[in-house]
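Structure first, commentary second.
Per chain, numbering begins at 1; letters A, B, ... match sequence-line order.
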Amino acid sequence: MKPRLRFAPSPTGYLHIGGARTALFNWLYARRHGGTFVLRIEDTDQERSTPESLQAILDGLTWLGIDWDEGPGKDGGHGPYFQMKKLARYSELAEQLIATGWAYRDYSTEAELAAARKAFAAEKGLKDGDDLRSAGFKFSSPWRDKHEQREGTALIRFKMPRREGRFGFDDQVLGRIEKPYDDFDDFVIMRSDGVPLYNFGCVVDDHDMAITHVARGQEHINSTFPQLMLYEAFGWQPPLFAHIPLIFAQDNSKLSKRKHPEADVMKHKANGILPHALINFIARLGWSHGNDELFTRDELIAKFDFEHVGKSQGVWNPGKLTATNQHWLKNTEPLKVAMQVLPFLQALGAPEASVDAKLELGVKAFAERSTTLVEMAEKLRPYYAHGVTIDGAAAAKHLTPEGKVLLGKAREELAKLSEWTTAALDPIVKTVADASGAKVGAVAQPIRVAATGGTVSPGIGVTLELLGREETFHRLDAALR
RNA sequence: GGCCCUGUCGUCUAGUGGCCUAGGACGGAGCCCUCUCACGGCUUAAACCCGGGUUCGAAUCCCGGCAGGGUCACCA
């Protein structure tokens with residue numbers, strides 16, 4: 001049987017890096033085994049769900065290249081893929097649970113709940129600000145064993161069976177995990193407004209969508225238990241679970257949307273990170289394949305498994321991300337990189353730039369000198385300008401009288417060239433050096449300073465080819481004057 | 001606090017009882033290459049949380065501490 005996996009975000013914010021990795025692992029597993037990857041939107045939190053967030057998540061996944069076989073815009077026969085569109089289905093199933101004795105209507109009012117909390121606090125001698133949950137507060141509804149129907153709003157609670165012992169599941173990455181039955185109270189499955197709660201909607205949908213494997217963050221370990229009870233109540237076969245470790249920020253706190261900008265997937269796009277570099281990096285954050293570090297997309301698909309997903313939390317390492325990015329900047333076809341660096345270059349004030357031979361050459365020259373597309377664009381920018389401002393210190397050091405003599409000779413040699421290519425340009429430096437008994441460096445630096453305004457650039461040949469014949473002479477003559 | 005999960009260089013990790021005087025990557029230090037800057041190559045410092053067991057032998061298995069994390073909603 002082909003596996004079916006899903007990513008089920010709630011549209012309450014941008015695509016979080018942790019969510020992206022969860023999506024990636026599910027996607028990778030589905031792709032590896034020729035299965036199906038489903039995107040389901042859990043929009044039952046109407047307070048926080050927004051269409052903008054939905055779009056942001058879709059955009060994030062699309063940018064990363066994580067495509068879904070079923071989900072928004074792609075009907076696969078297991079829809080709807082938005083939970084708010086299947087409210088009737090949840091009600092029907094909740095009624096079924098009531099009918100079979102696995103759930104009950106709870107007519108308790110807000111006031112009654114508050115009173116119960118207050119009584120509990122008083123009994124335990126708690127102060128106002130104390131957390132009742134950590135003190136062990138559990139609400140036992142008086143409606144658990146009443147079977148009467150009543151007018152008015154009610155929520156529906158799952159009737160947790162009173163059993164001795166423990167129950168659990170075999171996690172694909174963590175191994176056997178168990179908990180005692182009495183750890184759970186009668187959790188709410190349907191709100192009084194008819195909208196399902198997470199655990200209920202999740203189980204119903206995973207079943208309806210025939211999901212076989214669920215990979216999700218470790219923060220969901222504890223919600224697996226009530227979900228397991230729901231599967232039992234319905235008599236459904238639960239999927240296999242794989243709980244993957246959380247990602248922490250460098251300050252060792254959970255990577256949060258508010259405190260850590262790196263938590264936003266699209267922020268990395270803006271920072272000039274290649275989507276595949278991000279994929280490669282987050283894949284390695286929590287999963288490994290021996291000593292391998294760099295993987296192409298196909299290699300990731302061919303090698304991914306839950307067995308080698310780590311058990312402990314990982315810390316975000318920006319340096320390694322940029323190192324990975326640089327590797328892919330160097331190892332991706334220049335044309336593809338050119339297309340991605342173009343917007344950055346144009347934003348820097350070079351609207352005339354386009355994806356052409358010049359830009360491709362520039363990408364080749366600067367890929368190994370840049371860590372991000374932003375940096376590459378900044379380095380490319382001067383090659384799209386007319387004229388250049390020469391750095392004072394650089395001029396003082398290299399555009400000395402002697403330097404200018406060598407520069408002048410180089411200009412003469414350059415003028416003789418019929419072909420303006422790196423191959424033709426490169427030897428000029430040595431030619432001039434040999435002819436004038438100077439070191440190559442003594443010739444190269446004045447040219448570099450005159451052509452770029454500074455002491456740092458790629459090889460003279462590429463630099464001048466990038467500049468073009470006309471602009472090169474323009475700058476050289478300006479420096480010679 | 002109850003319950004649950006985890007614990008190898010600064011960070012990500014390899015490691016599933018002998019191959020480990022613990023390997024790789026990022027970062028650090030140094031050297032080489034070199035027209036500058038990079039890239040690349042080489043070298044190097046740096047870790048098995050602690051304590052008990054089990055075993056001929058433990059980073060690997062067990063127990064106990066300790067530490068970190070998760071979770072306990074009409075959020076997901």
Side-chain angles (χ1 to χ4, degrees), chain A residues 8-10 12 42-45 47-49 106 108 110 113 124 130-139 153-157 168 171 174-175 177-180 182-185 187-193 195-199 201-202 216-225 243 245-246 248 250 252-254 281 284-294 307-308 310-324 326 330 365-370 379 394 398 426 429-430 433 439-449 452 454-461 463:
Chain A
S10 63
T12 54
E42 305 206 334
D43 53 358
T44 54
D45 183 346
E47 304 271 299
R48 299 192 299 148
S49 293
D106 184 350
S108 302
E110 202 70 46
L113 220 164
K124 291 266 181 173
D130 291 348
D131 185 358
L132 295 190
R133 291 175 298 181
S134 56
F137 175 75
K138 279 187 191 174
F139 180 64
T153 60
L155 53 80
I156 300 175
R157 281 182 193 276
D171 191 89
L174 262 13
I177 302 177
E178 291 184 341
K179 267 178 175 275
D182 63 15
D183 236 47
F184 299 91
D185 50 9
F187 58 95
V188 179
I189 60 175
M190 288 286 272
R191 309 202 310 190
S192 46
D193 61 4
V195 176
L197 254 78
Y198 167 67
N199 283 138
C202 179
R216 49 168 39 158
Q218 284 187 0
E219 75 268 25
H220 288 286
I221 290 178
N222 289 295
S223 59
T224 306
F225 297 91
H243 289 94
L246 269 21
F248 278 71
Q250 286 201 292
N252 255 303
S253 69
K254 195 174 167 183
F281 176 74
R284 275 291 288 108
L285 193 55
W287 171 80
S288 62
H289 185 268
N291 281 337
D292 301 343
E293 296 285 348
L294 276 354
E307 196 184 343
H308 291 91
K311 299 180 176 184
S312 51
Q313 67 196 40
V315 173
W316 187 259
N317 184 341
K320 191 156 183 174
L321 204 215
T322 45
T324 305
Q326 183 172 42
K330 287 186 296 180
F366 288 106
E368 59 192 25
R369 279 167 248 264
S370 309
K379 289 182 170 164
H398 298 290
D426 251 342
V429 178
K430 195 168 187 311
K439 287 185 180 174
V440 271
V443 177
Q445 284 308 74
I447 300 176
R448 183 152 11 237
V449 172
T452 69
T455 56
V456 173
S457 88
I460 293 298
T463 300

Seminar exercise, completed: Mate of C33(B) across any strand shown (Watson-Crick or G-U wobble, both atom pairs under 3.5 Å) is none
For this session: Quote, to the nearest angstrom, the P distance that separates G65(B) from C4(B).
Result: 13 Å
Exercise. Given atom CD of E293(A) and atom C1' of C12(B), what is their separation to the nearest angstrom?
Worked result: 7 Å
Problem set entry | Atom-to-atom span, NE2 of H220(A) to P of G69(B) - whole angstrom | 19 Å
Exercise. Would D185(A) and R157(A) satisfy side-chain contact (heavy atoms from CB on, under 4.5 Å), going step by step from the backbone distance to the final call?
Worked result: CA-CA 9 Å; D185(A) 50 9; R157(A) 281 182 193 276; over 6 Å; no
Problem set entry | For G57(B), the Watson-Crick or wobble counterpart (both distances under 3.5 Å) | none
Exercise. Under 3.5 Å, is there a donor-acceptor pair between the side chain of T322(A) and the main chain of G319(A)?
Worked result: yes
Exercise. Can you tell me how far C1' in G28(B) sits from the matching atom in C9(B), rounded to whole Å?
Worked result: 12 Å
Seminar exercise, completed: D171(A) CG to G70(B) P, in whole Å, measures 18 Å
Exercise. If we call it a pair only when both distances are under 3.5 Å in a Watson-Crick or G-U wobble match, what pairs with G2(B)?
Worked result: U71(B)
For this session: Give F184(A) one of three labels, base, sugar-phosphate or nothing, depending on what nucleic acid heavy atoms sit under 4.0 Å from its own.
Result: nothing
Exercise. Rounded to the Å, how far apart are N252(A) CG and G68(B) P?
Worked result: 10 Å
Exercise. Which part of the nucleic acid, if any, lies within reach of K311(A) when heavy atoms closer than 4.0 Å are counted: base, sugar-phosphate only, or nothing?
Worked result: sugar-phosphate
Exercise. With a 4.0 Å cut-off on heavy atoms, is T455(A) in touch with a base, just the backbone sugar-phosphate, or nothing at all?
Worked result: base
Exercise. How close or far is atom C1' of A14(B) from atom CH2 of W287(A), stated in whole angstroms?
Worked result: 13 Å
For this session: Measure from CZ on R369(A) to C1' on A38(B) and round the result to the nearest Å.
Result: 5 Å
For this session: Scan K254(A) against the nucleic acid and name what it touches under 4.0 Å (heavy atoms): base, sugar-phosphate only, or nothing.
Result: sugar-phosphate
For this session: Would you classify L113(A) as touching base, sugar-phosphate or nothing, given that sugar-phosphate means primed atoms plus P, OP1 and OP2, and contacts are heavy atoms under 4.0 Å?
Result: nothing
Seminar exercise, completed: D183(A) CG to G70(B) P, in whole Å, measures 18 Å
Exercise. The side chain of E42(A) lies closest to which of these nucleotides: U11(B), C4(B), A76(B)?
Worked result: A76(B)
For this session: Using a 4.0 Å heavy-atom cut-off across all strands, classify S192(A) as base, sugar-phosphate, or nothing.
Result: base
For this session: Name the nucleic acid region contacted by N317(A), choosing base, sugar-phosphate or nothing; use a 4.0 angstrom heavy-atom cut-off, strictly under.
Result: base
Problem set entry | Heavy-atom side-chain proximity of H289(A) to H308(A) below 4.5 angstrom | no
Problem set entry | Side chain to side chain, Q218(A) and Q313(A), heavy atoms closer than 4.5 Å | no
Exercise. Expressed in whole Å, how much space separates the C1' atoms belonging to C32(B) and G68(B)?
Worked result: 43 Å
Exercise. Taking T463(A) for the side chain and P458(A) for the main chain, is one N or O donor matched with an acceptor at less than 3.5 Å?
Worked result: yes
Exercise. Ignoring hydrogens and angles, are the base of C37(B) and the side chain of S457(A) linked by a donor-acceptor pair under 3.5 Å?
Worked result: no
Exercise. Which is true for E47(A) with a 4.0 Å heavy-atom rule: it touches a base, it touches only sugar-phosphate, or it touches nothing?
Worked result: nothing
Exercise. Applying a 3.5 Å limit to both distances, which nucleotide forms a Watson-Crick or G-U wobble pair with C66(B)?
Worked result: G7(B)
For this session: Please determine, for G27(B), whether a Watson-Crick or G-U wobble partner exists with both distances under 3.5 Å, and give it or none.
Result: none
Problem set entry | C1' atoms of A59(B) and U8(B), separation to the nearest Å | 7 Å
For this session: Select from L285(A) and L174(A) the residue whose nearest nucleotide in RNA chain B is closer to the 5' end of that strand.
Result: L174(A)
Exercise. Under 3.5 Å, side chain of Q326(A) to main-chain N/O of E368(A), donor-acceptor pair present?
Worked result: yes
Exercise. So, the side chain of D171(A) versus the backbone of H243(A): is there a donor-acceptor pair under 3.5 Å, distance only?
Worked result: yes
Exercise. Is there a donor N/O on one and an acceptor N/O on the other, under 3.5 Å, for the side chain of D426(A) and the base of C35(B)?
Worked result: yes
For this session: Figure out the OH/C1' separation between Y198(A) and A76(B), and round it to whole Å.
Result: 7 Å
Exercise. For A76(B), does either OP1 or OP2 sit under 4.0 Å from a side-chain N or O belonging to T44(A)?
Worked result: yes
Exercise. For G24(B), does either OP1 or OP2 sit under 4.0 Å from a side-chain N or O belonging to R284(A)?
Worked result: no
Exercise. Would you say a side-chain N or O of K330(A) is under 4.0 Å from OP1 or OP2 of A38(B)?
Worked result: no
Exercise. The side chain of E368(A) lies closest to which of these nucleotides: C26(B), C4(B), C39(B)?
Worked result: C39(B)
Problem set entry | Nearest-nucleotide 5' precedence on RNA chain B, E219(A) against G286(A) | G286(A)
